[in-house]
Amino acid sequence: MTNPTFEFTRAITRRPSASITNGLRAADIGTPDLAKMQAAHVHYVATLKETGAEVIELPALDDFPDSVFVEDTTLCLPQGAIMMRPGAPSRLGEVAEMEPAIQEVYDDVRHIKGPGHIEGGDILVTPREILVGRSDRTDAAGVEELAGIVAEWGHTLREVFTPPGVLHFKTDCSLLDAETILSTKRLDATGCFEGYRVLHVAEGEEAAANSIRFNQYVLAPAGFPRTAEMLSKAGYDVVEVSNTECAKLDGGMSCLSLRF
Ligand code: CIR
């Protein structure tokens with residue numbers, strides 16, 4: 001039997017657009033290089049496909065600089081999909097751009113109507129529950145509206161908190177298998193993963209926490225060798241993908257796809 005939280009048959013990605021240079025960022029650590037980002041994106045998509053999954057590749061959207069980070073637009077669950085309501089005003093329009101692709105593959109598509117906000121990067125789905133981190137992008141009203149929808153589908157939602165200064169909950173964690181979470185120490189210290197097996201990223205390698213388990217692979221950002229080694233020793237098949245350009249916009253492995 002497959003586990004829908006890390007075994008997937010499909011993914012949706014969107015190619016980076018030339019306007020990526022105008023993407024949102026908490027701190028300016030340099031302008032992303034489009035060619036380098038495109039090359040890393042090709043590697044990312046090829047790795048997903050290598051697992052046997054179908055990848056639906058959407059065209060670049062010049063009007064939305066952050067639209068390569070598709071994860072924030074939609075929550076994909078086995079029972080249906082929920083269109084999010086991003087807290088970043090410049091990203092609200094990305095949801096309508098994503099919806100036709102979602103309608104193609106899901107029979108049941110719901111919407112966060114507001115007034116609250118919620119972004120997919122703040123949502124970690126595990127086999128036992130849906131964890132949602134309140135953040136600067138995800139507020140109490142957004143969490144409450146989502147809780148109502150997923151309860152209809154039999155899911156338990158638990159509200160947790162994204163550490164201050166961290167963009168999204170999943171900036172600091174990822175699901176490695178049915179009971180194991182990869183996390184930064186600072187997020188784990190909040191106590192939100194009680195009852196799970198937690199592996200910590202190496203000190204100074206906090207950005208490695210935004211990895212994804214996709215079928216047999218863990219896609220991890222390149223450049224964090226101690227964490228990659230720890231994961232390999234723990235038995236995971238790690239594929240390192242360059243993330244230097246997305247990192248300039250606070251993006252990582254999870255942001256670049258919807259997985260279902
Ligand atoms: C933003 O600030 O919204 C984008 N520059 C980065 C979004 C990253 N998404 C994610 O972690 N799910």
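For ligands, and for the atoms within them, numbers begin at 1 and follow the listed sequence. Predicted model only: the values in this text are computed from it and were never measured.
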His168 N/O to ligand 1 N/O under 3.5 Å = yes
With backbone taken as N, CA, C and O and side chain as the heavy atoms from C-beta onward, which portion of Asp72 lies under 4.0 Å from ligand 1: side chain, backbone, both, or neither?
-> side chain
Residue Glu144 excluded, over 12 heavy atoms near CD under 6.0 Å | no
When you look at CG of Asn22, are more than 12 heavy atoms from neighbouring residues, nucleotides or ligands closer to it than 6.0 Å?
-> yes
Give a yes/no on ligand 1: does Arg91 have at least one heavy atom closer than 4.0 angstrom to it?
-> yes
Can you list the atoms of ligand 1 that are under 4.0 Å from a heavy atom of Asp66?
-> 4 (C), 5 (N)
What closest approach, in Å, do Cys246 and Leu256 show between heavy atoms, and which atom pair accounts for it?
-> SG-CD2, 4.0 Å
Can Glu71 and Arg259 be said to form a salt bridge (charged side-chain N to carboxylate O under 4.0 Å, His left out), step by step?
-> CA-CA 9 Å; Glu71 172 176 66; Arg259 304 164 289 278; 3.0 Å; yes
In terms of atom number and element, which parts of ligand 1 are under 4.0 angstrom from non-hydrogen atoms of Cys255?
-> 8 (C), 9 (N), 10 (C), 11 (O), 12 (N)
Atoms of ligand 1 less than 4.0 Å from Asp250 heavy atoms?
-> 8 (C)
Check each of Glu206, Glu203, Glu205 against Arg226 using the salt bridge (charged side-chain N to carboxylate O under 4.0 Å, His left out) test, and report the only one that passes.
-> Glu205
Pull out every atom of ligand 1 sitting under 4.0 Å from any heavy atom of Leu249, numbered as shown with elements.
-> 4 (C), 5 (N), 6 (C)
Take Asp122 and Arg137, measure what salt bridge (charged side-chain N to carboxylate O under 4.0 Å, His left out) needs, and give me the verdict at the end.
-> CA-CA 8 Å; Asp122 280 314; Arg137 302 287 182 83; over 6 Å; no
Would Lys49 and Glu57 pass as an ion pair if we require N to O under 4.0 Å?
-> yes
Tell me: protein heavy atom nearest atom 2 (O) of ligand 1, and distance?
-> Arg137 NH2, 2.8 Å
Are any of the N or O atoms of Glu71 closer than 3.5 Å to those of ligand 1?
-> yes
